[in-house]
Amino acid sequence: MRNAAVMLIVKDGLILAISRRNDKTKFGLPGGKLEPDEMSSHAAIRETQEETGIQVSSCTEIFRREEPAGPGPDGEDFFTYCYYALAWTGEPTDSEEGVVKWLTAEELTST
């Protein structure tokens, strides 16, 4: 089982989201897989900076859960850690990972 970490950043009631690399209409929270021996919080902070340009200086874990494998032969179960950014700086910018947008909860969950 692989481990992944994501970051929840909220500003003015909106959630920072990034599109999927191969489908710019589907959005999720910034984050990704942990490097070997990397703490989950560090992975969430690193991936958020790489994907959005936002530097998180303080965060707290809000939940963790097992994500079942997706369809297809390459599917693999993930254990996902979700963090909430308590303090952060910077302006979000698009990256090679995807388009970065501030979305409502309804917009984020409907994609």
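These values consider heavy atoms only, across backbone and side chains, with no hydrogens, waters or symmetry-generated copies.
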Quiz item: More than 12 foreign heavy atoms under 6.0 Å from CG of Asp23: is that the case here?
Solution: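 Enclosed.
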
Quiz item: Is the CD atom of Glu76 crowded by more than 12 outside heavy atoms at less than 6.0 Å?
Solution: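 More than 12 within 6.0 Å, yes.
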
Mind checking the [atom1]-[atom2] spacing from [X] to [Y]? Nearest 0.5 Å is all I need.
X	Y	atom1	atom2	result
Gln55	Gln49	CD	CD	5.5 Å
Arg64	Cys82	CZ	SG	11.5 Å
Lys26	Ile18	NZ	CD1	16.0 Å
Asp94	Lys101	CG	NZ	9.0 Å
Glu35	His42	CD	NE2	13.5 Å
Glu106	Ile15	CD	CD1	8.5 Å

Does the [X] side chain pair with the main chain of [Y], one donor and one acceptor, at a distance under 3.5 Å?
X	Y	result
Ser110	Glu107	yes
Glu51	Gly31	yes
Asp77	Pro68	no

Please check if [X] and [Y] belong to a single hydrophobic cluster, counting links between Ile, Leu, Val, Met, Phe, Trp and Tyr side chain heavy atoms closer than 4.5 Å.
X	Y	result
Phe63	Met39	no
Leu34	Ile45	no
Val6	Leu86	yes

Quiz item: Should the pair Phe79 and Tyr81 be assigned to parallel (<30°), tilted (30 to 60°) or perpendicular (>60°) ring geometry?
Solution: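 Because their plane-to-plane angle is over 60°, the rings of Phe79 and Tyr81 count as perpendicular.
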
Between [X] and [Y], which heavy-atom pair has the shortest distance, and what is it?
X	Y	value
Val10	Tyr84	CG2-CE1, 3.9 Å
Ile62	Leu8	CD1-CD2, 3.9 Å
Ser40	Ala5	O-CB, 3.3 Å
Phe27	Val99	CE2-O, 3.4 Å
Met7	Leu29	O-CB, 3.6 Å
Pro92	Val100	CB-CG1, 3.6 Å

Quiz item: Would a 4.5 Å heavy-atom cut-off, applied to side chains only, mark Ser19 and Lys24 as touching?
Solution: yes

Quiz prompt | Test item: Glu50 and Arg46 side chains (from C-beta on) under 4.5 Å apart, heavy atoms | solution = yes

Exercise. Report the C-alpha separation of Thr89 and Ile54 in whole Å, then their side-chain angles, then the decisive distance to 0.1 Å, and conclude whether the side chain to side chain contact (heavy atoms under 4.5 Å, CB included) test is met.
Key: CA-CA 6 Å; Thr89 58; Ile54 296 293; over 6 Å; no

